[in-house]
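Below is one structure, written out as structure tokens; the observations come after it.
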Amino acid sequence: MDLPIPRPNADTRPYWDAAQQDRLVLQHCADCGAPQAIPRSYCGTCHSADLTWRESSGTGKIASFSVVHRAPTKAFRDQLPYVLALVDMAEGVRLMLNVIGEDRLDTQIGDPVRVVFEPRGADGFKMPQVQRSPA
Amino acid sequence: MPRKKHTARITGVADTAMGELPGSTALGLHAEATNAALKDAGLKAQDIDGVLCGYSMTVPHLMLSSVFSEYYGISPSFNTAIQAGGATACIMLANAVALVESGACRHVLCVTGDNRLTGMTRDGAVAALATVGHPEFEQPYGMSVPASYALVAQAYLHRYGITRDELSAIAVSARKHAALHPKATKRDPLTLTEVSESRVIASPLRLLDCCLISDGGAAVIVSAADAARDTRNPVRVLGSGQGHTHEHIMAAPSLTDFGCKASSAMAFAQAGVTAQDIDVAEIYDSFTITLLAELESIGFFEKGEAGKAALAGELSQGGRLPTNTHGGLMSYGHSGAAGGAFHIVEAVHQLRGEADARQVPGAQLSFVHGDGGILSAHCSLVLGKD
């Protein structure tokens, strides 16, 4: 069974379009400067509609993680055990991503990670993910 | 500005049978709970002029309260549904209080129920619950409700050095209480080792750190102060408060402090009491970490101390704060929106002195708390003997 592919909407399309080009972009408010993780039409800090997209450094740290052994849906059963993580990006936003790579099960809170793009499904839709960075 | 004192009373409470109930339906459980709550209050169906429903996963509907009122056969003058996950029951009650105190209603029925165990399979329920995750930014990463609470647990363990046994003690303490309740789903004795050796669901959470999935229903009737006079055994609502900081766990401002801090502070202030005054607590416990984090965020225990307190028996009968005296969501049962209502039902039984073998002697004040989503929506209540 295929893993789910995000279905972008008008708020989120630039994020996913950039991911297809191996780029992570994040929304920043042009008025108050606040970055936000989940893209919106308005700034979640000052409610301004003046938002811009900026290239992310692609680096962050593990804020928390879980090694998942019970899948929410059939599609994820083949992935078990997988690592679900909250990643604090250098820009100051927190993303939910999977830690992938051979050493993923060694993940610890505070680990430095970098964003990689993992193709998914028949059309190779690229999903931002993270790998642990060599120390 | 201090909020006005509440005057509303809880006049009727009931829950249905619990667990695996073949042949049950969501609406049937609503009706069963309603009949029992009316009987408990000494009221008749025609006395109800307000109806608040929650949501049902087996009957997903845009207008559940209209569907229920038609099914049950009443035409209330106020009728709506409320959806706030596990906080639904407490938020329904808080809304019912506002309705009777404003004069809009005399007797408001808050009713919930779901046959999510026999009506949709355990896998189906787990998948449906995962839809609280963001459809683009969380769910495609294999987020589930247990995995999301596991993210909180991992952060919590890392920061406060909680031990495995401290987490397990939360589940063991609930099971001890469930053993005293004839309706509880899980009544067999449970040891720390059984919890710590149960299979991993999402590290660090194991199977016995998690709540049950049950069929069941519950109803609570809230009445205006003067309308409560003719009822059998009313209980006072003394304080209420809510706290809402996020929906998605990736957007939570903290992984160790939650909206229960604000909601409980509001409820305590309105009631004119403090956490130390509470005789018995009925707090949403979808996972061991849920209760542990809430007990500390609310201020019943210092950070890092709730697990130690559970190990020392402080959450049990005779302890400093008997908590979830019915067995909670991990041992009594969990039927979605109704799960949070079981805590209210138990608090009322305690304050009336009707809790039989599990009665906390002389209980005058109870704290009830509901949490929806991933520690997202919080509602706290302080209830007291009339």
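Chain naming here is simple, since letters A, B, ... match the order of the sequence lines and numbering starts at 1 in each. Here the structure is a predicted model, which is why all the values come from computation and not from measurement.
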Report yes if some heavy atom in the side chain of [X] is under 4.5 Å from a heavy atom in the side chain of [Y]; otherwise report no.
X: A:P119; Y: A:F125; result: no
X: B:L192; Y: B:L311; result: yes
X: A:P6; Y: B:P135; result: no
X: B:I374; Y: B:V132; result: yes
X: B:D114; Y: B:S56; result: yes

Practice problem: Check whether the side chains of B:T191 and B:E194 place a donor and an acceptor atom closer than 3.5 Å, and report yes or no. | Solution: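 There is such a pair (donor and acceptor under 3.5 Å, judged by atom type) between the side chains of B:T191 and B:E194.
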Exercise. Indicate the atoms forming the closest heavy-atom contact of A:C29 with A:C46, along with that distance.
Key: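 Closest pair (atom of A:C29, atom of A:C46, distance): SG-SG, 3.6 Å.
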Exercise. For residues B:P140 and A:M127, report the shortest heavy-atom separation together with the two atoms involved.
Key: CB-CE, 3.7 Å
Practice problem: Sort B:A130 into side chain, backbone, both or neither according to what part of it lies under 4.5 angstrom from a heavy atom of chain A. | Solution: side chain
Exercise. Examine whether an atom of B:A153 lies under 4.5 Å from a heavy atom of chain A, and if so say whether it belongs to the side chain, the backbone or both; otherwise answer neither.
Key: neither
Engaged part of [X] at the chain B interface, taking heavy atoms whose separation is under 4.5 Å:
X: A:I5; value: neither
X: A:P128; value: both
X: A:L97; value: both

Self-check item: Distance flag, aromatic centroids of B:H369 and B:F300, threshold under 6.0 Å
Solution: no
Quiz prompt | Pick from A:L80, A:V93, A:V87, A:I109 with the largest number of heavy-atom pairs that fall under 4.5 Å of chain B | solution = A:I109
Compile a table of inter-chain donor-acceptor pairs under 3.5 Å between chain B and chain A, counting both main-chain and side-chain atoms.
| residue | atom | partner | partner atom | Å |
| --- | --- | --- | --- | --- |
| B:D123 | OD1 | A:R70 | NH1 | 3.2 |
| B:D123 | OD1 | A:R70 | NH2 | 2.9 |
| B:D123 | OD2 | A:R77 | NH2 | 3.0 |
| B:E136 | OE1 | A:T12 | OG1 | 2.7 |
| B:E136 | OE1 | A:W16 | NE1 | 2.7 |
| B:E136 | OE2 | A:T12 | OG1 | 3.2 |
| B:P140 | O | A:R120 | NH1 | 2.7 |
| B:P140 | O | A:R120 | NH2 | 3.1 |
| B:Y141 | O | A:N98 | ND2 | 3.0 |
| B:Y141 | OH | A:P128 | O | 2.8 |
| B:G142 | O | A:Y82 | OH | 2.6 |
| B:L151 | O | A:S64 | OG | 2.6 |
| B:Q154 | NE2 | A:F65 | O | 3.1 |
| B:A155 | N | A:S64 | OG | 3.4 |
| B:I201 | O | A:H69 | N | 2.8 |
| B:I201 | O | A:R70 | N | 3.1 |
| B:S203 | N | A:S66 | OG | 3.3 |
| B:S203 | N | A:V67 | O | 2.9 |
| B:S203 | O | A:S66 | OG | 2.7 |
| B:S203 | OG | A:V67 | N | 2.9 |

Self-check item: chain A-proximal positions within residues 165-175 of chain B [heavy-atom distance under 4.5 Å]
Solution: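 Listed by number: none.
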Self-check item: Stepwise side-chain hydrogen bond (donor to acceptor under 3.5 Å, both in side chains) test for B:T58 and B:N115
Solution: CA-CA 7 Å; B:T58 57; B:N115 58 332; 2.6 Å; yes
Quiz item: Is it the case that more than 12 heavy atoms not belonging to B:K186 sit under 6.0 Å from its NZ atom?
Solution: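 12 or below, so no.
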Exercise. For A:V67 and B:V200, run side chain to side chain contact (heavy atoms under 4.5 Å, CB included): C-alpha distance rounded to whole Å, both residues' side-chain angles, the deciding distance at 0.1 Å, then the answer.
Key: CA-CA 9 Å; A:V67 181; B:V200 177; over 6 Å; no
